[in-house]
Amino acid sequence: MNPKVRPGVVAVLAAAMAATSLATSPGASAARTSSATNGWSPVGPTSTSSALDPTPAFNPPSSDERKRAISSAGGALLTDAAALHTSSDDTFQLERSVAGSQGLQYLTYRRTHRGLPVYGGDVVVATDKSGQIVQAVTTGQRSTLKIDPTTSVTASEAATKARAKLSVVESVGEPTLLVHAVGERPRLAWEVVVTGATGKGPSVQHVYVDAGDGSVFDAWDEVKGGTGNSNYNGPVTFNTSGSGSSYSMTDPTRPGLRCGGQSGTAYTKASDAWGNGSGTDLETACVDAMFAAQKEWDMLRDWLGRNGFNGSGGAFPARVGLSDVNAYWNGSYTNFGRNSSNTRQATAIDVVAHEYGHAIFKYSGSSQQSSDPEEAGLTESTGDIFGALTEHYANELAPYDTPDYLVGEEVNIVGSGPIRNMYDPSALGDPNCYGPWIRMIPNPSMAAAPQNHWFYLLAEGSNPGGGKPASPTCNSSTVTGIGIQKAGKIFQAGLNMKTIPWTYAKARVATLKAAKPLFPGSCVEFNATKAAWTAVSVPAQAGEPICTVAPR
């Protein structure tokens with residue numbers, strides 16, 4: 001059966017995209033460079049990796065190429081209808097289109113069924129830069145829908161049920177009737193967003209209430225916690241706004257990026273010199289946060305070909321002064337606390353990059369998220385990977401925080417050193433290897449470990465030399481790394497094909513599919529990606545691609 005691609009949607013969006021630049025924000029030349037006395041020594045965006053990819057990453061497609069991509073994607077929705085489990089009552093609307101490394105294009109479509117949003121029905125289509133070749137079409141939906149939209153449970157009753165998920169309730173959003181299509185059994189449900197707190201901290205729960213029997217059968221939390229490395233170095237420069245005797249910690253060249261206290265308002269002052277270098281000073285914490293976020297933004301642009309944290313030129317605010325031994329992303333801003341001894345704020349490069357990594361995860365591929373335990377682990381791992389990438393891009397020199405693959409080793413968050421080790425997770429009690437039992441691990445930080453290990457093996461290899469640590473493999477194999485920049489490109493491109501629920505098996509296939517168009521004419525990067533997954537015991541999947549290079 002043919003899907004209904006909603007009339008006019010593709011053409012209207014093509015015109016809108018043609019008028020929207022994917023380049024860095026205009027006004028960058030007007031950025032103010034501010035000074036701070038927090039001990040950071042400014043260095044250039046170089047890397048310690050010996051295998052940098054010389055190909056410029058930020059190479060956005062033209063307006064005509066974007067239009068061709070939309071046309072190709074619309075055709076793919078029709079020709080791949082059976083694989084996408086499309087019914088005659090389904091329609092698709094383009095939600096987002098972003099460019100990736102070397103101009104590859106990723107288009108995310110939202111699905112509706114009989115006019116209702118479909119949770120889990122998103123479709124992601126990838127094309128080459130020209131927009132002519134469809135590289136991959138993916139969805140998380142597993143069966144064709146045939147849902148009666150008649151409800152037995154009212155929106156008010158669903159909201160009452162959902163409130164019980166949180167011990168402290170601040171607000172309850174208007175319930176949305178939708179089709180819940182994650183898993184084997186699609187069902188009509190109310191989605192209710194409940195904001196408040198659990199016994200462990202703040203929470204923004206997306207709760208799903210069966211519209212027939214009133215049972216709460218699924219939920220996921222938009223607040224993603226994480227910890228990292230708080231560090232205070234010498235003078236730095238970073239972008240602020242203002243002039244004369246009025247300045248603000250607001251970046252005019254990265255829309256949405258600002259930093260302040262728990263009220264959400266950016267810090268302001270009469271001079272453009274910020275911070276005193278103290279580990280307990282919140283203005284200094286914002287210096288760290290702004291500097292790190294700007295470095296991560298630049299790394300995304302220069303290494304991975306991504307335009308901002310949301311892929312479309314947007315950033316998100318940061319808050320400091322959280323009275324918790326924690327840091328988190330809540331779906332709309334990052335929030336940073338302190339270590340257990342209250343001597344440092346958790347706002348150095350890797351923790352800031354980790355929390356903004358949650359934003360990148362959300363805005364790569366489908367922006368829907370699920371309660372799947374593997375997805376929770378892969379989300380945490382994404383933060384760690386972006387922390388490592390940003391540290392290597394900033395390339396701080398000793399005695400400051402030099403690039404590494406440890407998480408939280410300097411902040412000493414709870415008095416026991418690093419909290420995660422990417423090259424040997426087992427050194428800190430986390431699993432080096434993937435197995436089905438990982439779905440039973442309640443701690444997302446532990447479930448993150450196999451993908452962290454995979455990334456290190458892909459970037460550096462099992463025996464990299466040059467003072468870098470060796471990394472054990474689960475199958476006693478030897479893996480040769482391709483360099484952190486290439487590994488980052490493959491990881492981000494795989495993430496751009498994300499659909500819910502995101503699993504280790506899906507991540508393996510997506511990164512293999514990503515490696516081929518990123519490095520045409522070469523199987524080295526593809527083979528390394530495959531070898532690294534196998535080395536952490538993520539098995540081969542049915543239908544995964546192969547790579548061959550035609551003889552010259």
Side-chain angles (χ1 to χ4, degrees), residues 1-18 20 22 60-87 90-113 117-142 144 181 305-307 310-312 362-368 490 492-500 502 506-507 509-518 520 543-545:
M1 291 178 286
N2 291 330
K4 301 173 184 175
V5 178
R6 192 169 297 167
V9 167
V10 170
V12 169
L13 284 165
M17 289 175 65
T20 304
L22 290 178
S62 68
S63 60
D64 285 343
E65 288 166 340
R66 293 197 292 272
K67 291 177 183 178
R68 285 197 292 271
I70 292 173
S71 177
S72 296
L77 294 176
L78 294 170
T79 57
D80 289 3
L84 298 174
H85 306 293
T86 304
S87 84
D90 290 355
T91 61
F92 295 92
Q93 183 171 7
L94 182 62
E95 177 191 26
R96 185 172 63 256
S97 177
V98 301
S101 184
Q102 297 179 213
L104 295 175
Q105 300 185 68
Y106 302 91
L107 299 92
T108 302
Y109 288 84
R110 281 289 174 93
R111 185 192 308 240
T112 61
H113 178 73
V118 179
Y119 171 67
D122 282 10
V123 174
V124 183
V125 182
T127 77
D128 68 2
K129 182 177 184 292
S130 74
Q132 294 290 355
I133 302 172
V134 175
Q135 301 289 349
V137 183
T138 60
T139 185
Q141 189 172 307
R142 299 162 70 178
T144 303
R306 184 177 176 89
N307 187 20
N310 68 358
S312 302
K362 178 177 179 178
Y363 289 96
S364 295
S366 171
S367 59
Q368 294 181 340
I490 291 170
Q492 177 66 75
L495 208 59
N496 286 337
M497 295 302 298
K498 171 172 62 69
T499 57
I500 63 167
W502 194 233
K506 284 184 172 182
V509 173
T511 51
L512 289 174
K513 287 182 176 179
K516 293 183 70 175
L518 281 174
E544 73 179 28

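Just so you know, residue 1 is the first one in the sequence shown, and it goes up from there.
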Measure the [atom1]-[atom2] distance between [X] and [Y] for me, rounded to the nearest 0.5 Å.
{"X": "Tyr109", "Y": "Glu95", "atom1": "OH", "atom2": "CD", "result": "11.5 Å"}
{"X": "Asn496", "Y": "Leu107", "atom1": "CG", "atom2": "CG", "result": "11.0 Å"}
{"X": "Lys129", "Y": "Ser62", "atom1": "NZ", "atom2": "OG", "result": "6.0 Å"}
{"X": "Thr139", "Y": "Met497", "atom1": "OG1", "atom2": "CE", "result": "10.5 Å"}
{"X": "Gln141", "Y": "Thr86", "atom1": "CD", "atom2": "OG1", "result": "7.5 Å"}

With sequence neighbours left out, write down each residue that passes salt bridge (Lys or Arg N to Asp or Glu O under 4.0 Å) with Lys513, or none if nothing qualifies. none
Between [X] (side chain only) and [Y] (backbone N and O only), is there a donor and an acceptor less than 3.5 Å apart?
{"X": "Gln102", "Y": "Leu518", "answer": "yes"}
{"X": "Ser72", "Y": "Arg68", "answer": "yes"}
{"X": "Gln105", "Y": "Glu65", "answer": "yes"}
{"X": "Lys498", "Y": "Ser364", "answer": "yes"}

I'd like to know if the side chain of [X] pairs up with that of [Y] as donor and acceptor (distance under 3.5 Å, no hydrogens or angles considered).
{"X": "Arg110", "Y": "Ser367", "value": "yes"}
{"X": "Thr144", "Y": "Ser87", "value": "no"}
{"X": "Gln492", "Y": "Ser101", "value": "no"}
{"X": "Asp128", "Y": "Ser130", "value": "yes"}

State which residues pass side-chain contact (heavy atoms from CB on, under 4.5 Å) with Lys506; sequence neighbours excluded, sorted by chain then number. Thr499, Pro501, Trp502, Thr503
Criterion side chain to side chain contact (heavy atoms under 4.5 Å, CB included) against Phe92, the qualifying member of Val123, Thr112, Leu78: Val123
Determine the minimum heavy-atom distance between Arg111 and Asp122, stating which atoms define it. N-OD1, 4.2 Å
